[in-house]
S.K.: 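Okay, handing you the structure first.
In what follows, every heavy atom counts, from backbone to side chain, and hydrogens, waters and symmetry copies are set aside. Atoms within a ligand are numbered from 1 in the order they appear, just like the ligands themselves.
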Amino acid sequence: MSETILITGAAGQLGQRVIHHLLETCKVPAASLIAASRDTSKLADLAAKGVATRKADFDDAASLEEAFEGVDRVLLISTDALAVPGLRLKQHTTAVAAAVKAGVKHIAYTSMPSPDKSLVTFAPDHLGTETAIKASGLPYTIIRNAWYLDNYMHSMPHNLQGGSWYTASGDGKVPNISREDCAMGAAAALASGTTESATYTLTGSQSLNADQIAAIISDVAGKPLAAVQVNDEQLNQGMLGAGLPDFVATMLVSADANIRAGNFDHVTTDFNRLTGKQPQTLKEFFVAHKAALTA
Ligand SMILES: NC(=O)c1ccc[n+]([C@@H]2O[C@H](COP(=O)([O-])OP(=O)(O)OC[C@H]3O[C@@H](n4cnc5c(N)ncnc54)[C@H](OP(=O)(O)O)[C@@H]3O)[C@@H](O)[C@H]2O)c1
């Protein structure tokens, strides 16, 4: 009997794709998987494939202890609770404590690159969670996902309409990776059955600055796009003016500052080591999403 692997956040975009790759790419039997979510009604497709489903809410310690019962390996997908300072770290440490209490043998967690050296507002959540996992004494796999390529799809269709991308990233470079590749990497790490502790940083194979990214997007879309450098305050005001909530604007400004400082500029081969594949390039990603990019 193979070990039992539980994935939290299974209704989320990453969670869905991790389970897809566990089943289809890594050939893990559905009977070895448990999909956990705050809302199990969103997991009907997985249940139909023979994947067990359980309720797991990081705001509800009792639900976590119950969900983790009899589980060998758990993937804790970081939550999106950024609006309330301190909440996400509390959620994550609650989940780590529940995993220990339930007798889970191995904890995996989706983190961010170099959380100990980052200007991004939510870096302390990831650093604190990694620290709690290491302090738990359990073997762990920390999967530090670089900035998703998918994040650009929020703004680039609009930017292409005006031909300008306002950024405060300066000449800083970032090795984006697709969410899909992060999911494939996490699935490979989970399916490996490792009993060792390891930290992987999943990045794309190229680190690019804003001018290079704009040129590639412009080429794929067949429309002009210029990266226009602004300062942090201008970027913040622009995003607030566009209707983004304060905490989101502050977070995005901090992300650009982190790129500008060179803190994201680190390409790894960890995706290749885990999957035996090359990550999708920025150009390949936008070619695949051209219809939505130019809609
Ligand atoms: N690297 C990047 O660029 C990047 C970009 C966006 C997000 N992220 C991080 O990566 C995570 C997964 O990304 P995604 O693309 O799948 O985002 P998403 O589709 O927005 O998913 C949000 C996730 O948070 C989970 N969640 C929220 N509140 C929770 C709670 N109280 N208890 C348990 N789980 C909770 C959701 O699980 P259920 O709905 O199933 O309960 C879901 O899996 C995000 O939550 C965020 O931490 C990284």
S.K.: Should the heavy atoms of other residues, nucleotides or ligands under 6.0 Å from NZ of K134 be counted, would the total exceed 12?
M.R.: yes
S.K.: For atom 45 (O) of ligand 1, find the nearest protein heavy atom and state the residue, atom name and distance (0.1 Å precision).
M.R.: S78 O, 2.6 Å
S.K.: Considering only non-hydrogen protein atoms, determine which one is nearest to atom 30 (C) of ligand 1 and report residue, atom name and distance to 0.1 Å.
M.R.: R38 CD, 3.4 Å
S.K.: If the cut-off is 4.0 Å to any non-hydrogen atom of A10, which atoms of ligand 1 fall inside it?
M.R.: 40 (O)
S.K.: With a 6.0 Å cut-off (strictly less than), is the heavy-atom count around CG of D59, excluding the residue itself, greater than 12?
M.R.: yes
S.K.: Going by the atom numbers of ligand 1, which of them fall below 4.0 Å from some non-hydrogen atom of G12?
M.R.: 16 (O), 19 (O), 21 (O), 40 (O), 42 (C), 43 (O)
S.K.: Quick check: Q13 and ligand 1, any N/O pair under 3.5 Å apart?
M.R.: yes
S.K.: With salt bridge (charged side-chain N to carboxylate O under 4.0 Å, His left out) as the rule and sequence neighbours excluded, what pairs involving residues 214-225 come up?
M.R.: D219-K283
S.K.: Only heavy atoms of W147, strictly under 4.0 Å: list the atoms of ligand 1 that pass.
M.R.: 3 (O)
S.K.: Under a 4.0 angstrom heavy-atom cut-off, which atoms of ligand 1 come close to R88?
M.R.: 47 (O)
S.K.: Closer than 4.0 Å to some heavy atom of I77 - which atoms of ligand 1 meet that?
M.R.: 11 (C), 12 (C)
S.K.: Looking at Y109 versus H126, is the centre-to-centre ring distance below 6.0 Å?
M.R.: yes
S.K.: Can you say whether the rings of F286 and Y152 are parallel (under 30°), tilted (30 to 60°) or perpendicular (over 60°)?
M.R.: tilted
S.K.: Identify the closest protein heavy atom to atom 31 (N) of ligand 1: which residue and atom is it, and at what distance?
M.R.: D57 OD1, 2.9 Å
S.K.: Before giving the answer on salt bridge (charged side-chain N to carboxylate O under 4.0 Å, His left out), spell out for R260 and D232 the whole-Å C-alpha distance, their side-chain angles and the decisive distance to 0.1 Å.
M.R.: CA-CA 11 Å; R260 194 171 69 228; D232 288 354; 2.8 Å; yes
S.K.: Answer with yes or no whether T110 contacts ligand 1, where contact means a heavy atom under 4.0 Å from a ligand atom.
M.R.: no
S.K.: Using a strict 4.0 Å cut-off to heavy atoms of N151, name the atoms of ligand 1 that fall inside it.
M.R.: 3 (O), 5 (C)
S.K.: Check each of D80, D150, L87 against atom 27 (C) of ligand 1 and report the one with the nearest heavy atom.
M.R.: D80
S.K.: Given F58, which partner from the list I77, L76, T93, L87 fulfils the side chain to side chain contact (heavy atoms under 4.5 Å, CB included) test?
M.R.: L76
S.K.: Could you identify the single nearest non-hydrogen protein atom to atom 35 (C) of ligand 1 and state the distance to 0.1 Å?
M.R.: T79 CG2, 3.6 Å
S.K.: Please report which non-hydrogen protein atom sits nearest to atom 16 (O) of ligand 1, along with the residue it belongs to and the distance in Å to one decimal place.
M.R.: L14 N, 2.7 Å
S.K.: Quick test of your reading of the model: are K90 and D125 salt-bridged, counting only N-O distances below 4.0 Å?
M.R.: no
S.K.: Would you mind listing which atoms of ligand 1 come within a distance below 4.0 Å of any non-hydrogen atom of Q91?
M.R.: 31 (N)
S.K.: Around E196, counting heavy atoms of other residues, nucleotides and ligands shown, do more than 12 lie under 6.0 Å from its CD?
M.R.: no
S.K.: Can you confirm, on distance only, whether ligand 1 has an N/O atom lying under 3.5 Å from any N/O atom belonging to F58?
M.R.: yes
S.K.: For salt bridge (charged side-chain N to carboxylate O under 4.0 Å, His left out), just list the numbers for D57 and R38, CA-CA rounded to whole Å, side-chain angles, deciding distance to a tenth of an Å, and then say yes or no.
M.R.: CA-CA 5 Å; D57 183 343; R38 289 166 297 174; 5.6 Å; no
S.K.: At a non-hydrogen distance cut-off of under 4.0 Å, which region of A146 contacts ligand 1 (side chain, backbone, both, or neither)?
M.R.: backbone
S.K.: Considering only non-hydrogen protein atoms, determine which one is nearest to atom 8 (N) of ligand 1 and report residue, atom name and distance to 0.1 Å.
M.R.: Y148 OH, 4.0 Å
S.K.: Who's the nearest protein heavy-atom neighbour of atom 40 (O) of ligand 1, and how far?
M.R.: S37 OG, 2.8 Å
S.K.: Looking at atom 15 (O) of ligand 1, what's its closest protein heavy atom, distance included?
M.R.: R179 NE, 2.7 Å
S.K.: Indicate every side-chain donor-acceptor pair of residues 111-122 with a distance under 3.5 Å to a residue at least two apart or in another chain.
M.R.:
residue, atom, partner, partner atom, Å
S111, OG, E130, OE2, 2.7
S118, OG, V120, N, 3.2

S.K.: Going by distance only, is there an N or O of A56 that falls short of 3.5 Å from an N or O of ligand 1?
M.R.: no
S.K.: If you count the non-hydrogen atoms of other residues, nucleotides and ligands that lie under 6.0 Å from NE2 in H20, is the total more than 12?
M.R.: yes
S.K.: Judged by non-hydrogen atoms, does A95 sit under 4.0 Å from ligand 1?
M.R.: no
S.K.: So R73 and T194, do their side chains get closer than 4.5 Å, heavy atoms only?
M.R.: yes
